[in-house]
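Reading through the structure tokens given below for one structure.
Heads up: numbering here begins at 1 and tracks the sequence.
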Amino acid sequence: MPGFELFGDAERKEVNDVLESGVLMRYGFDAMRNGHWKAKALEQELQSTLQVKHAQLVSSGTAAVSIALASAGIGSGDEVIMPTFTFVASFEAIMMLGAIPILVDIDDTLTLDPEAVKAAITPKTKAIMPVHMCGSMANLDELQSICKTHNLILIEDSSQATGATYKGKPLGSIGDLGCLSLDYVKIITCGEGGAVLTNNEKYYTNSDHFSDHGHDHKGNDRGAETHPFLGYNFRISELNAAVGLAQLRRLDEFVAIQKKNYSIIREALSVIPELTFRTVPEGGEESYSFLSFFLPDLETSRKAVKALKDTGIDGCFHYYDNNWHFIRKWEHLKDLKTLYPLSKEVKDGLKYLQTKDFSKSNHFIGRNISCLIKLSWTELEVKERASKMVKAIQSIL
């Protein structure tokens with residue numbers, strides 16, 4: 001998945017521009033910059049590439065989710081529906097604002113099950129947040145319809161799916177707000193970074209101010225700027241933005257490489273009758289950063305993962321036994337292990353996790369294996385890998 005596999009002269013040039021000017025902060029120091037504004041340039045190119053009116057760069061994907069929620073006025077006691085299969089950052093970002101993450105089941109897309117979403121809506125629900133895991137997407141038409149019916153905000157967490165599209169539109173550009181992660185292990189990387197995407201002028205202005213201590217960014221004297229409301233520090237640095245600027249310009253190149261490698265492996269695995277592939281919603285095209293498939297049951301999947309490792313195949317993840325990405329092992333969330341007291345609203349709001357049945361999610365994640373698609377493989381290496389994967393999986397069936 002990561003663009004860092006193919007770092008080259010383009011990334012070095014953008015970083016050297018920043019080092020030569022000596023200005024690492026994205027705001028101010030106008031006279032010293034030699035005309036270089038890497039964060040601004042990256043925001044403009046994100047807008048163009050991902051077909052949105054506004055992009056706000058921030059310090060991480062986690063920050064992007066919290067800023068998106070805050071920009072839409074979501075906070076204390078509000079409920080945000082999210083999937084059981086994601087990264088821990090999703091619920092961390094919601095809780096940082098005093099809101100309550102409401103986890104619901106996934107389906108064979110490995111993303112939000114629309115029926116589970118409908119069943120979870122309460123008077124406190126303010127937003128639905130699909131997480132486009134492993135390079136593919138939720139059924140956004142259905143989720144948009146639900147949001148329209150219940151007057152809810154749709155926030156796309158597209159951290160793992162930059163470069164994927166749904167009905168011709170880039171992921172992250174479809175909801176009221178979209179969130180990207182640009183960390184070290186994403187298809188394009190800043191090293192550390194994230195972005196909030198939106199077509200809503202108010203949400204954009206809120207995210208711009210909120211991510212920089214409430215600064216209004218008017219004029220060219222930072223000390224004279226006013227603060228319309230409270231904000232915090234979620235700024236990205238010019239060095240990080242410089243890397244991301246070069247990487248974004250290579251997004252089509254990266255997706256094309258991944259699609260080629262993905263297709264070779266998928267075609268090889270298609271000969272195994274017991275193996276089925278994740279469902280991609282109609283009109284969707286993956287970023288091809290992962291190849292995700294299902295085996296008949298949990299025991300078979302565990303055996304397959306071991307066989308793949310024993311064969312020397314790396315990067316194949318069985319998230320059922322993973323501490324970071326699936327509800328089953330999130331004891332720190334279920335048991336509310338925090339360094340500081342949580343509000344009564346949040347503590348009461350999360351009591352459902354003690355008894356909630358996520359057996360449907362277990363059914364899909366227990367049988368799922370998601371395999372990383374690398375950019376640096378040669379065609380011969382991909383074909384050899386595909387052959388080894390087929391033999392390893394067939395050996396345990």
Side-chain angles (χ1 to χ4, degrees), residues 1 45-55 61 64-65 68 72 81-83 85-86 90 104-118 127-181 186-188 195-201 203-204 248 251-260 262-263 266 276-293 364 370 373:
M1 177 167 66
E45 295 209 17
L46 281 168
Q47 289 162 192
S48 175
T49 301
L50 300 182
Q51 300 172 29
V52 290
K53 292 180 180 178
H54 306 290
V65 176
I81 295 174
M82 56 166 280
F85 178 45
T86 178
S90 299
V104 304
D105 277 321
I106 60 169
D107 57 22
D108 58 4
T109 66
L110 296 177
T111 65
L112 278 178
D113 175 5
E115 294 304 313
V117 170
K118 291 177 188 177
I128 297 172
M129 189 172 75
V131 183
H132 304 314
M133 287 294 288
C134 298
S136 191
M137 71 235 48
N139 188 326
L140 289 168
D141 277 356
E142 281 204 56
L143 295 179
Q144 281 185 311
S145 177
I146 295 169
C147 286
K148 184 176 181 180
T149 298
H150 295 275
N151 194 29
L152 302 175
I153 295 167
L154 182 63
I155 300 175
E156 293 178 79
D157 182 342
S158 193
S159 296
Q160 287 195 2
T162 305
T165 60
Y166 181 72
K167 298 190 174 180
K169 296 181 179 180
L171 295 189
S173 72
I174 298 165
D176 298 288
L177 291 139
C179 306
L180 304 183
S181 173
K186 297 300 184 290
I187 186 171
I188 56 170
V196 179
L197 310 176
T198 187
N199 291 309
N200 183 300
E201 184 78 25
Y203 294 164
Y204 164 67
L248 180 61
L251 178 61
D252 289 345
E253 171 196 353
F254 292 169
V255 171
I257 293 170
Q258 289 184 161
K259 184 175 182 178
K260 178 182 177 182
Y262 169 107
S263 299
R266 177 168 174 143
T276 58
F277 298 99
R278 83 183 293 178
T279 295
V280 177
E282 184 178 355
E285 182 167 6
E286 300 178 67
S287 69
Y288 304 103
S289 50
F290 286 84
L291 176 60
S292 298
F293 55 86
F364 290 112
S370 291
I373 302 297

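If you run side chain to side chain contact (heavy atoms under 4.5 Å, CB included) between His54 and each of Thr198, Asn200, Leu177, Asn199, only Thr198 comes through.
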Evaluate the side chain to side chain donor-acceptor pair (under 3.5 Å) criterion for residues Asp107 and Thr109: first the C-alpha distance (whole Å), next the side-chain angles of each, then the deciding distance (0.1 Å), finally the verdict. CA-CA 5 Å; Asp107 57 22; Thr109 66; 2.5 Å; yes
CA sep, side-chain torsions, deciding dist, call: Val131, Phe85, side chain to side chain contact (heavy atoms under 4.5 Å, CB included): CA-CA 8 Å; Val131 183; Phe85 178 45; over 6 Å; no
Would you check, one step at a time, whether the test side chain to side chain contact (heavy atoms under 4.5 Å, CB included) holds for Met133 with Ser159? CA-CA 8 Å; Met133 287 294 288; Ser159 296; over 6 Å; no
Apply side chain to side chain contact (heavy atoms under 4.5 Å, CB included) to the pair Leu197 and Leu180, showing each step before the final yes or no. CA-CA 8 Å; Leu197 310 176; Leu180 304 183; 4.0 Å; yes
Step by step, work out the side chain to side chain contact (heavy atoms under 4.5 Å, CB included) result for Tyr204 and Lys53. CA-CA 9 Å; Tyr204 164 67; Lys53 292 180 180 178; over 6 Å; no
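Of the possible donor and acceptor atoms, none in the side chain of Asn139 sits under 3.5 Å from a partner among the backbone N and O of Pro281. Between the side chain of Thr49 and the backbone N or O of Glu45, at least one donor-acceptor pair lies under 3.5 Å. Between the side chain of Thr162 and the backbone N or O of Ile187 there is no donor-acceptor pair closer than 3.5 Å. The backbone N or O of Gly175 lies less than 3.5 Å from no partner atom in the side chain of Gln144, so there is not a single donor-acceptor pair. When atom types are taken as modelled, the side chain of Gln47 and the backbone of Ala55 share a donor-acceptor pair closer than 3.5 angstrom. No donor-acceptor distance shorter than 3.5 angstrom exists from the side chain of Tyr262 to the backbone of Glu286, with no hydrogens or angles considered. For Thr149 (side chain) and Ser145 (main-chain N/O), a donor-acceptor pair under 3.5 Å exists by modelled atom type.
Contact record, Val52 with Gly172: CG1-O, 4.5 Å, taken as the closest heavy-atom pair. For the residue pair Ser287 and Ala164, the shortest heavy atom distance occurs at N-CB, 3.5 Å. Leu154 and Pro130 get closest at one heavy-atom pair: CD1-CD, 3.6 Å. Ser370 and Cys134 make their closest contact through OG-SG, 3.8 Å (heavy atoms, listed as atom of the first residue, atom of the second, distance).
A salt bridge between Glu285 and Lys259 is present, with a side-chain N of the basic residue lying under 4.0 Å from a carboxylate O of the acidic one.
Side-chain atoms of His132 and Gln160 form no donor-acceptor pair, as typed in the model, at a separation below 3.5 Å.
For the pair Arg278 and Phe293, the cation-pi criterion (under 6.0 Å, within 45° of the ring axis) is not fulfilled.
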